Undergrad: 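What follows is a single structure, and I will ask about it in a moment.
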Amino acid sequence: MRAIQVTRHGGPDVMAYGTAPDPIPGPGEALVRTTAIGVNFIDTYIRRGLYPSTPPYIPGSEGAGVVVSVGSEVTDIEIGQRVCWCDSAGSYAEIVAVDASRLVPVPDGIDDAAAGSSLLRGLTAHYLLDGSAHPSAGDTVLVHAGAGGVGLVLTQMAKNRGLTVITTVSGDEKAELSTAAGADHVLRYGDDLVSQVREITGGRGVPVTYDGVGADTFEQSLAVTAVRGIIVLFGAASGPVPPFDLQRLNPAGSLSVTRPTLAHFIADTDELRWRAGEFLGAVADGTVDVRVGQRYRLADAAQAHTDLEARATTGSTVLLPD
Ligand code: NDP
């Protein structure tokens, strides 16, 4: 099969397109021919060596496709079924062996590109709203990088729950997308952000701040979060937050900070299927619009990483096998 291999840790140029042996499904696994492969920011952290991995390896964890064979002990997934997944290593490939219990059937009405590049971000948005924090209807939340893959989905799902949403973005086109996703207030990063959020919230600040940008935004997140509020630090697109004195949470308003990861909110198959059912159901009935902002050939995965890291993408990014 054709696949991308990360040959060593480094920039996008360490990704090579070539051939690799077809995987063989073990007990409980299904073999899927990919039709769409999701590109996520975490793929860049792993490629650079910020998260553990041992090159050479096939990157990626998300995709959609058609089941072509199943191993022993697989009972609820059938050959020919259209499926998607978000936590199976080696997904930048034409064929992927996936633990069948981690597969999610793709509902009719959702195309493969949308399913294969939105499940990870959709499940993330779901647990951010109902897992790592629990904002209630009427609350105001701040979502950094509001026009990104997670940001657009999180904004829509937050609006569907009756929240007021403030977002940050870096440019005009991104501001338009964030507004179209339902954001009530779209702000730019920078000096005025804290005073603008305080003004919008009558001086109180927001009870929940969703920060997937990290190093560049964390100080502002501390300054805009309300007394007894929570900062959900869920990513590091601008780099990791430096070591932090916990005592600072006291004068900042008895704040909480959590640093969650999706894996802990879908570890159990029932929880995975519950969150996936709610998210894909909302996509299928049109209450959440999944924007596939960029499509690349699988062979051009390095360009996809370059664009994602250069802030040149919006919404989800998908790789398409030939
Ligand atoms: P995005 O599509 O949101 O891309 C990242 C965005 O971050 C950029 O488009 C950019 O938007 C913003 N950004 C701000 N500063 C920088 C910078 N210095 N370099 C690059 N981007 C920057 O990516 P994803 O949707 O894939 O992921 C968003 C975040 O969520 C990531 O940090 C990711 O690691 C995290 N994540 C965490 C999960 C978890 O469970 N903890 C699961 C899934 C994702 P702008 O130009 O508008 O600032």
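Keep in mind the model is a prediction, meaning the values are calculated, not measured. Both counts, for ligands and for their atoms, begin at 1 and track the order of listing. Side-chain atoms are counted along with the backbone in the values below, which use heavy atoms only and exclude waters and symmetry mates.
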Undergrad: For the side-chain contact (heavy atoms from CB on, under 4.5 Å) test, which of L123, I110, V288, V290 pairs with L280?
TA: I110
Undergrad: Please state which protein non-hydrogen atom is closest to atom 2 (O) of ligand 1 and give its distance, to 0.1 Å?
TA: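 Scanning the protein heavy atoms, the shortest distance from atom 2 (O) of ligand 1 goes to G149 N, 2.8 Å.
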Undergrad: Verify the distance criterion only: is there a donor paired with an acceptor across the side chains of S118 and S316 at less than 3.5 Å?
TA: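 Not at all, the side chains of S118 and S316 share no donor-acceptor pair under 3.5 Å.
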Undergrad: Report yes if some N/O of T124 lies less than 3.5 Å from some N/O of ligand 1; otherwise report no.
TA: no
Undergrad: So does H134 have more than 12 non-hydrogen atoms from other groups sitting under 6.0 Å from NE2?
TA: yes
Undergrad: Please state which option from G151, A263, S117, S170 has its nearest heavy atom closest to atom 46 (O) of ligand 1.
TA: S170
Undergrad: Atom CZ of residue position R33 - does it have more than 12 heavy atoms of other residues, nucleotides or ligands inside 6.0 Å?
TA: no
Undergrad: Indicate whether any N or O donor in one side chain lies under 3.5 Å from an N or O acceptor in the other, for N40 and E62.
TA: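 Yes, because at least one side-chain N or O of N40 sits under 3.5 Å from a partner of the opposite role on E62.
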Undergrad: Can you find a side-chain donor-acceptor pair between T258 and S132 that sits under 3.5 Å?
TA: no
Undergrad: Answer with side chain, backbone, both or neither: which part of V150 has a heavy atom less than 4.0 angstrom from an atom of ligand 1?
TA: both
Undergrad: Which atoms from ligand 1 have a heavy atom of V169 less than 4.0 Å away?
TA: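 Those atoms are 47 (O).
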Undergrad: Hey, what do you get for NE2 (H185) to CG (L142), rounding to the nearest 0.5 Å?
TA: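 Rounded to the nearest 0.5 Å, the NE2-CG separation comes out at 11.0 Å.
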Undergrad: Apply the side-chain contact (heavy atoms from CB on, under 4.5 Å) test between H144 and each candidate in L233, L193, D216; give the one that qualifies.
TA: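 By the side-chain contact (heavy atoms from CB on, under 4.5 Å) criterion, H144 pairs with just one of L233, L193, D216: L193.
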Undergrad: Below 3.5 Å, N or O to N or O, backbone or side chain included: is there any such pair between N40 and ligand 1?
TA: no
Undergrad: Return yes or no for this condition: an N or O of G148 is under 3.5 Å from an N or O of ligand 1.
TA: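 Between G148 and ligand 1, no N or O pair is found under 3.5 Å apart.
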Undergrad: Using distance alone, decide if ligand 1 has a nitrogen or oxygen within less than 3.5 Å of any nitrogen or oxygen in F41.
TA: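 Among all N and O atoms of F41, at least one is under 3.5 Å from an N or O of ligand 1.
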Undergrad: For E199, does the CD atom have more than 12 heavy-atom neighbours from other residues, nucleotides or ligands under 6.0 Å away?
TA: no
Undergrad: If we only count N/O pairs under 3.5 Å, is K174 in contact with ligand 1?
TA: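 By distance alone, the answer is yes.
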Undergrad: Select one of side chain, backbone, both or neither to describe which atoms of T317 lie under 4.0 Å from any atom of ligand 1, heavy atoms only.
TA: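 None of T317 does.
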Undergrad: If you measure every N/O of G212 against every N/O of ligand 1, is any gap under 3.5 Å?
TA: yes
Undergrad: Any chance CG of D285 has more than 12 other-residue heavy atoms, nucleotides or ligands included, within less than 6.0 Å?
TA: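 Buried by this count: over 12 neighbours within 6.0 Å.
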Undergrad: So which heavy atom in the protein is nearest atom 48 (O) of ligand 1, and how far is it from that ligand atom?
TA: Y189 OH, 2.5 Å
Undergrad: Starting from atom 21 (N) of ligand 1, locate the nearest protein heavy atom and write down its residue, its atom name and how far away it is, to 0.1 Å.
TA: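 So the nearest neighbour among protein heavy atoms is R311 CG, 3.3 Å.
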Undergrad: Could you see which bit of P260 sits under 4.0 Å from ligand 1, with heavy atoms only: side chain, backbone, both or neither?
TA: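 Backbone only.
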Undergrad: Suppose we screen for ring pair (Phe, Tyr, Trp, His ring centres under 6.0 Å). Which residues come up paired with Y210, at least two apart in sequence or across chains?
TA: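 For Y210 there are no ring pair (Phe, Tyr, Trp, His ring centres under 6.0 Å) partners, ignoring immediate neighbours.
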Undergrad: Any atoms of ligand 1 less than 4.0 Å from a non-hydrogen atom of V213? List them with their elements.
TA: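 Listed by number with element: 14 (C), 15 (N).
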Undergrad: With a heavy-atom distance limit of 4.0 Å, tell me whether A236 approaches ligand 1 through its side chain, its backbone, both, or neither.
TA: backbone
Undergrad: Which of the numbered atoms in ligand 1 are below 4.0 angstrom from a heavy atom of R121?
TA: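 This gives 24 (P), 25 (O), 26 (O) as the contact atoms.
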Undergrad: Where is the nearest protein heavy atom to atom 39 (C) of ligand 1: which residue, which atom, and how far?
TA: Y127 OH, 3.3 Å
Undergrad: Any N or O of F234 that comes nearer than 3.5 Å to an N or O of ligand 1?
TA: yes
Undergrad: What part of E309, side chain, backbone, both or neither, has a heavy atom within less than 4.0 angstrom of ligand 1?
TA: backbone
Undergrad: Could you tell me which atoms of ligand 1, counted from 1 in the order shown, lie closer than 4.0 angstrom to a heavy atom of Y45?
TA: 31 (C), 32 (O), 33 (C), 34 (O)
Undergrad: Looking at atom 12 (C) of ligand 1, what's its closest protein heavy atom, distance included?
TA: A145 CB, 3.8 Å
Undergrad: Closest non-hydrogen protein atom to atom 17 (C) of ligand 1, residue and atom name please, with distance?
TA: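 Answer for atom 17 (C) of ligand 1: A237 O, 3.5 Å.
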Undergrad: Whether the side chain of S238 engages the backbone of A215 through a donor-acceptor N/O pair (distance < 3.5 Å, no angle test) should be reported.
TA: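 Yes, because the side chain of S238 sits within donor-acceptor range (under 3.5 Å) of the backbone of A215.
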Undergrad: With distance as the sole criterion, is a donor-acceptor pair present between the side chains of Q156 and N160 under 3.5 Å?
TA: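 Per modelled atom types, Q156 and N160 side chains form no pair under 3.5 Å.
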Undergrad: Less than 4.0 Å is my threshold; does some heavy atom of F265 fall inside it relative to ligand 1?
TA: no
Undergrad: Check each heavy atom of L262 against ligand 1 and say whether those closer than 4.0 Å belong to the side chain, the backbone, both or neither.
TA: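 Both backbone and side chain.
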Undergrad: Checking side-chain polar atoms at under 3.5 Å, does D211 have a donor or acceptor matched by the opposite partner on T217?
TA: yes
Undergrad: Under 3.5 Å, is there a donor-acceptor pair between the T44 and H305 side chains?
TA: no
